[in-house]
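Some notes on the structure that comes next.
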Protein chains: 2
Amino acid sequence: MQKFINAPDTAVPEYLAGLAAAHPDVVRFQPDDRIVTRAAPAGRGKVGLISGGGSGCEPLHAGYVGRGMLDAACPGEIFTSPVPAQVMAAAAAADHGSGVLFVIKNFGGEVMNFGLAAEILTRRGMRIEKVLVDDDASFPPGLESRRRGLGATVLVEKIAGAAAERGQPLDQVAAVARRVVARSRTFGVALSSCTPPRLGRPTFELPGGSYEIGVGLGGDRGQDRGELPPAAAVADVLLDRLVGELQVTEGTRVITMLSGLGSTPQLELFGLYGLVDERLRARGALVERSLVGNFLTSLDSLGALLTIAVVDDELLDLWDDPVHTASLRWGA
Amino acid sequence: MQKFINAPDTAVPEYLAGLAAAHPDVVRFQPDDRIVTRAAPAGRGKVGLISGGGSGCEPLHAGYVGRGMLDAACPGEIFTSPVPAQVMAAAAAADHGSGVLFVIKNFGGEVMNFGLAAEILTRRGMRIEKVLVDDDASFPPGLESRRRGLGATVLVEKIAGAAAERGQPLDQVAAVARRVVARSRTFGVALSSCTPPRLGRPTFELPGGSYEIGVGLGGDRGQDRGELPPAAAVADVLLDRLVGELQVTEGTRVITMLSGLGSTPQLELFGLYGLVDERLRARGALVERSLVGNFLTSLDSLGALLTIAVVDDELLDLWDDPVHTASLRWGA
């Protein structure tokens with residue numbers, strides 16, 4: 001197995017220790033609770049934000065802890081939800097007296113464990129709001145409940161994080177987070193599966209010259225498989241689904257994010273983005289901001305997730321607020 | 001071939017167009033000259049900085065064009081030096097009346113073509129200084145001339161870029177660039193080769209369970225090959241070479257950069273960095289700043305390059321100056 005690890009069992013804590021070592025001014029790793037917190041916790045009164053999920057999807061979520069985004073993150077084992085105790089530890093670290101927003105991706109284990117933690121903490125008197133991220137456009141209308149939380153997670157954490165940093169109260173922070181979810185969709189493709197360290201082999205085999213359409217995170221197969229076309233046709237596949245769902249037309253203002261799945265070269269990712277961007281503009285959309293890079297991944301999977309969020313002045317303004325995390329940083 | 005491209009021949013210009021589309025506030029792609037320039041050129045009087053080299057090493061160099069780093073970049077074909085006409089076009093775009101610094105990596109074609117361009121432009125009256133980056137620690141003392149330009153390139157572009165932004169004259173900007181080169185070394189390992197689009201197959205075969213030691217960019221084999229050990233031993237291999245060459249001892253202040261080679265998952269890269277960082281601190285080194293991510297790559301190669309630069313107050317201060325490029329951004 002061609003991996004830079006000591007052993008499958010230590011890969012996650014060693015990643016977290018390395019993240020904290022590389023960014024000591026931004027995050028701390030608390031190994032006993034298996035959570036990541038801000039190096040400089042926010043002051044009293046700020047609404048807290050937490051998120052978490054299966055490891056292997058880096059920089060989700062620890063890479064987004066810091067000023068302007070999350071207060072704490074609870075990473076599970078690889079492709080496995082964090083346990084409720086981790087969620088509760090993260091919430092405790094994030095609570096500055098004004099309540100905590102749980103950003104939960106729509107995966108069974110996460111919904112259950114964040115839900116359990118919220119129930120217990122609410123009984124103990126903590127104010128909690130939950131936002132469920134289910135931006136996955138792989139499942140058609142009618143199957144909304146199966147839509148996974150994908151790229152919108154990053155956008156929600158950035159925009160709601162900015163609202164919290166501005167001192168907005170919990171209900172407003174939760175409302176803006178839900179607004180981002182409602183206006184965002186993600187659609188992804190993969191040209192390879194990935195190799196989880198404990199499994200030691202690819203999660204599935206993909207014949208050369210073919211690709212998976214409608215993938216999420218975690219090395220699962222997509223909803224469909226096809227013959228891999230030139231990048232321009234891949235751009236069409238990604239875009240058509242999102243543009244339809246979000247009703248992007250002349251003058252629609254959007255933020256775009258194209259994330260590699262872990263092993264996608266920048267040469268290809270930016271090349272693909274250029275084709276997406278060109279097509280969006282041809283439809284008259286106004287691309288206000290864009291991110292291209294590894295923003296949520298699936299270990300060493302070769303693939304790309306395209307996220308589009310329809311924005312207005314308020315969302316864009318929150319987007320532009322300063323942020324200082326390991327993986328997203330500007331104005332600070 | 002599992003790639004997001006339209007055709008091998010269009011991959012580079014489509015990457016550059018995509019980079020400009022994703023960062024319209026930072027860079028422009030000028031397809032006729034095949035160069036990338038700042039979206040907002042610097043004002044009169046600032047010393048210009050340019051660099052360039054074979055494509056496939058993204059974000060080198062176009063990802064480092066922007067305020068605080070390069071004024072222009074000239075990307076060649078994949079793993080092929082830019083031609084002199086490109087270098088001259090980049091220099092012309094970067095010249096604001098106070099001369100231009102050429103940041104040249106020690107690869108035969110680059111040295112020759114940047115040298116030719118410098119000769120012609122100097123004859124035409126442009127003031128030019130050249131800095132040769134040869135931080136590769138793969139070749140032992142005595143074979144210095146074979147040392148390739150690797151991670152120090154990013155550090156030189158950042159630090160000399162800041163000096164230029166402060167209004168320092170050409171000789172001072174060149175002097176600080178040379179100081180960074182002299183105090184930096186890079187050593188790298190790879191767990192796979194890469195697949196250039198035109199070649200359509202890996203540049204070499206690496207048996208599972210083994211790794212290349214002392215690699216550069218471009219998919220060449222390393223200076224040595226060994227059985228892949230646990231990450232802790234890889235950290236030792238990387239570090240021992242650099243610490244010896246740079247004489248890192250108790251109290252030595254350093255900037256570290258660990259760059260993935262293109263397909264290295266963040267989980268592994270940060271995990272490896274944590275082991276490196278721990279060892280550096282155990283030797284008493286003061287790790288002042290660190291970067292972990294894809295800062296110079298080799299298409300889809302799985303591997304890591306560790307760069308260490310010994311710094312002082314002046315270099316650290318220049319490092320911390322604001323920068324706004326596609327791939328490095330802070331304070332702006």
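Every chain is numbered from 1 and lettered A, B, ... according to where its sequence line falls, protein lines coming before strand lines.
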Where on [X] is there a heavy atom nearer than 4.5 Å to chain B: the side chain, the backbone, both, or neither?
{"X": "A/Ile78", "result": "side chain"}
{"X": "A/Asn6", "result": "both"}
{"X": "A/Leu16", "result": "neither"}
{"X": "A/Ile5", "result": "both"}
{"X": "A/Leu258", "result": "neither"}
{"X": "A/Pro207", "result": "backbone"}
{"X": "A/Ala304", "result": "both"}

Distance in Å, [X] [atom1] paired with [Y] [atom2], rounded so as to fall on 0.5 Å steps:
{"X": "B/Asp300", "Y": "A/Thr264", "atom1": "CG", "atom2": "OG1", "result": "10.0 Å"}
{"X": "A/Leu291", "Y": "B/His23", "atom1": "CG", "atom2": "NE2", "result": "7.5 Å"}
{"X": "B/Arg289", "Y": "A/Asp25", "atom1": "CZ", "atom2": "CG", "result": "7.5 Å"}
{"X": "B/Tyr211", "Y": "A/Gln2", "atom1": "OH", "atom2": "CD", "result": "11.5 Å"}
{"X": "A/Ser55", "Y": "B/Leu267", "atom1": "OG", "atom2": "CG", "result": "6.5 Å"}
{"X": "B/Gln266", "Y": "A/Leu296", "atom1": "CD", "atom2": "CG", "result": "10.5 Å"}

Whether A/Glu268 side chain and B/Phe4 backbone form a donor-acceptor pair below 3.5 Å: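 It does hold such a pair.
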Under the 3.5 angstrom rule, does the side chain of A/Ser290 hit a backbone N or O of B/Ala22 as a donor-acceptor pair? yes
Who wins among [options] for the most heavy-atom pairs under 4.5 Å with chain B?
{"options": "A/Gly208, A/Cys194, A/Gly209, A/Pro59", "result": "A/Pro59"}
{"options": "A/Cys57, A/Gly63, A/Gly331, A/Ser327", "result": "A/Gly331"}
{"options": "A/Gly293, A/Ala232, A/Gly274", "result": "A/Ala232"}
{"options": "A/Gly271, A/Ala20, A/Gly56, A/Ala17", "result": "A/Gly271"}

Could you look at [X] and say if it's the side chain, the backbone, both or neither that has a heavy atom under 4.5 Å from chain A?
{"X": "B/Ser210", "answer": "backbone"}
{"X": "B/Leu261", "answer": "neither"}
{"X": "B/Asp277", "answer": "side chain"}
{"X": "B/Leu19", "answer": "both"}

Can you tell which of B/Val12, B/Val292, B/Leu228 has the highest number of heavy-atom pairs within less than 4.5 Å of chain A? B/Leu228
Out of B/Met1, B/Glu58, B/Glu14, return the one with the most heavy atom pairs under 4.5 angstrom to chain A. B/Glu58
With a cut-off of 6.0 Å (strictly less than), are more than 12 heavy atoms of other residues, nucleotides or ligands near CZ of A/Arg67? no
